[in-house]
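Note: hydrogens, waters and symmetry copies are ignored here, and every other heavy atom, side chains too, is used. In what follows, chains are A, B, ... by sequence order, proteins preceding strands, each numbered from 1.
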There are 2 protein chains.
Amino acid sequence: MTVTTLDYVLLGLLAVKSYTGYDLGRVMRSPISFFWEARYSQIYPELSKLETQGLVTYQAVAQHELPDKKIYTITEAGRALLRTWAVEPIEPPVIRDELVIKAYSLWMADPESARDLFHYHEQYHFSKLQQYEEVQRRLEESPEDLNDPTSPVFAQYIILQRGLGFEREYAAWCQWVVARLEQAIQLSSSASADS
Amino acid sequence: MTVTTLDYVLLGLLAVKSYTGYDLGRVMRSPISFFWEARYSQIYPELSKLETQGLVTYQAVAQHELPDKKIYTITEAGRALLRTWAVEPIEPPVIRDELVIKAYSLWMADPESARDLFHYHEQYHFSKLQQYEEVQRRLEESPEDLNDPTSPVFAQYIILQRGLGFEREYAAWCQWVVARLEQAIQLSSSASADS
DNA sequence: TATCCCATGTAAGTAGTTACATGATTAC
DNA sequence: GTAATCATGTAACTACTTACATGGGATA
């Protein structure tokens, strides 16, 4: 039984505190989230796999009119595995971005529609950026932990910086594309008015 | 039979010029490449699927002591499909980056190993950046096409900008992490020397 | 002597998505 | 009355990866 990256995402969250499968799914979708996503249909089976491998344990909590809650906790074996995996070498990520693929065929498409498409994505990444900036303000209220490399807040701050940089750059790129298309639209409309 | 994003990658390349499956695989791995990757074991079956759907045709070329070459060409149907798809709305990308997941657990790991890991990735993304800058210089030698939104070079320039921004930002983030870890390593070693 | 280049594919396996199932409670 | 929240899961499907197959010619 191999340990997948999703397993390390779950272990990484459980190393900070205990969660139910449901809560793990929620934090992964939360603003700062992670650079990872998963559905419950993947999370639940994955957690029980981790349990049979002895990397996590759970405590069942009975509830009123709802299925039992399973509160998962990382084991020492889980912690040890996570610690060594965290610094093991990996290959750089394979990037698969559909919008970039669309961009490659923009030369054949309608410029106005193209502009609208990129404007939508500019808005999206700009609003993500603002969410991350809000988290940054909150973290910087207690700056002590940010310089302590043994604190989970230190690590959270690191990935937040990646989020900020990524969204800022993505939004700027979209804006640049919109401006270029806008320019081209104006030029062609004035050219047709001339003729 | 559904049309996947890889299909549009292949159609996007074939809309510019004809290629064999082998050459398509090579351009996808080339410096500027695409924000997409695929193995031959996926490309070849995908091309024959596109052929049965009438989106591409091929011409077989016999070779000396080698299997026949199949030179693929996009059809009018393929062009029309690509043109409309290019501006159809999509959801923002799901980002899955293993290094960011590792970063989240760095607080439990050995700082020296962590620094080495991020230094390696800084080097990688910096060298990618330099490759892209070389392509940029080459493209900017003939700036006419760069402003013509109906030219494939215009679209290539757009995705090149994304590549430049992405690699620049990624390298800068890694460098920032290395500096933070370096600082923490120095502080802890001077603290242990004091005691 | 070994590895890369050319050129095509098949077969088996894995990680992820979509759809389905249950069911009471609260918010719009 | 419609959707979201809590809470767990199974089943079927799709996209992508890894391993295997062929084989001659050029480069290190």
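Taking atom NZ of B/Lys49 as the reference point, atom C1' of D/dT14 lies 10 Å away to the nearest angstrom. Atoms CG (A/Leu47) and C1' (D/dA7) sit 13 Å apart, rounded to a whole Å. In this structure, OH of B/Tyr44 is placed 16 Å from P of D/dT17, rounded to the nearest angstrom. Between A/Lys69 atom NZ and D/dC6 atom C1' there is a gap of 9 Å when expressed in whole angstrom units. One interatomic measurement links the two molecules: CH2 of B/Trp36 to C1' of D/dT17, which rounds to 15 Å at whole-angstrom precision. In this structure, B/Asp7 places its CG atom 9 Å from P of D/dC16, rounding to the nearest Å.
Here the range on DNA chain C touched by chain A, meaning any atom under 4.0 Å from one of its heavy atoms, is C/dA15 to C/dA24.
A/Trp173 pairs in a ring-ring contact (aromatic ring centres under 6.0 Å, His included) with only one of the listed residues (A/Phe126, A/Phe118, A/Phe166), which is A/Phe118.
Remark: the B/Thr57 side chain and the B/Thr73 side chain contain no N/O donor-acceptor pair separated by less than 3.5 Å. The closest side-chain donor-acceptor pair between B/Tyr157 and B/Glu140 falls under 3.5 angstrom. Of the N and O atoms on the side chains of A/Ser113 and A/Asp110, at least one donor lies less than 3.5 Å from an acceptor on the other residue.
Considering only residues two or more places apart in sequence or on other chains, B/Arg26 meets the salt bridge (Lys or Arg N to Asp or Glu O under 4.0 Å) condition with B/Asp23. Qualifying salt bridge (Lys or Arg N to Asp or Glu O under 4.0 Å) partners for A/Glu112, counting only residues two or more places apart in sequence or in other chains: none. Under the rule for a salt bridge (Lys or Arg N to Asp or Glu O under 4.0 Å), the partners of B/Glu46 that lie at least two apart in sequence or sit in another chain are B/Lys49.
Side chain B/Ser41 to base D/dT18: a donor-acceptor pair is found below 3.5 Å.
Using a 4.0 Å cutoff on non-hydrogen atoms, the parts of residues 14-24 of chain B near DNA chain C are B/Thr20, B/Gly21, B/Tyr22, ordered by number.
Side-chain rings of A/Tyr19 and A/Tyr72 stay apart, their centers remaining 6.0 Å or farther from each other.
Annotation: of the two residues near DNA chain D, B/Glu46 and B/Arg39, the 5′-most nearest-nucleotide partner is B/Glu46. Nearer to the 5' terminus of DNA chain C, by closest-nucleotide assignment, is the contact made by B/Ile71 (compared with the other of B/Ile71 and A/Ala38). For the pair B/Tyr72 and B/Arg96, nearest-nucleotide mapping onto DNA chain C gives the more 5' position to B/Tyr72.
No contact: A/Glu37 has no heavy atom under 4.0 Å from any strand.
Bending across the helix from C/dT1-D/dA28 to C/dC28-D/dG1, expressed as the angle between its end axes from five pairs apiece, amounts to 50° (10° rounding).
Counting heavy-atom neighbours within 6.0 Å of B/Tyr58 OH, excluding the residue itself, gives a total of 12 or less. Within a 6.0 Å sphere centred on CD of A/Gln59, heavy atoms belonging to other residues, nucleotides or ligands number 12 at most.
Neither OP1 nor OP2 of D/dA4 sits under 4.0 Å from any side-chain N or O of A/Arg26.
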Let me see the working for B/Glu37 and A/Arg96 under salt bridge (Lys or Arg N to Asp or Glu O under 4.0 Å), right down to the final yes or no. CA-CA 7 Å; B/Glu37 238 187 66; A/Arg96 288 204 172 89; 5.4 Å; no
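Checked for salt-bridge contact, B/Glu133 and B/Arg168 meet the test: a charged N lies under 4.0 Å from a carboxylate O.
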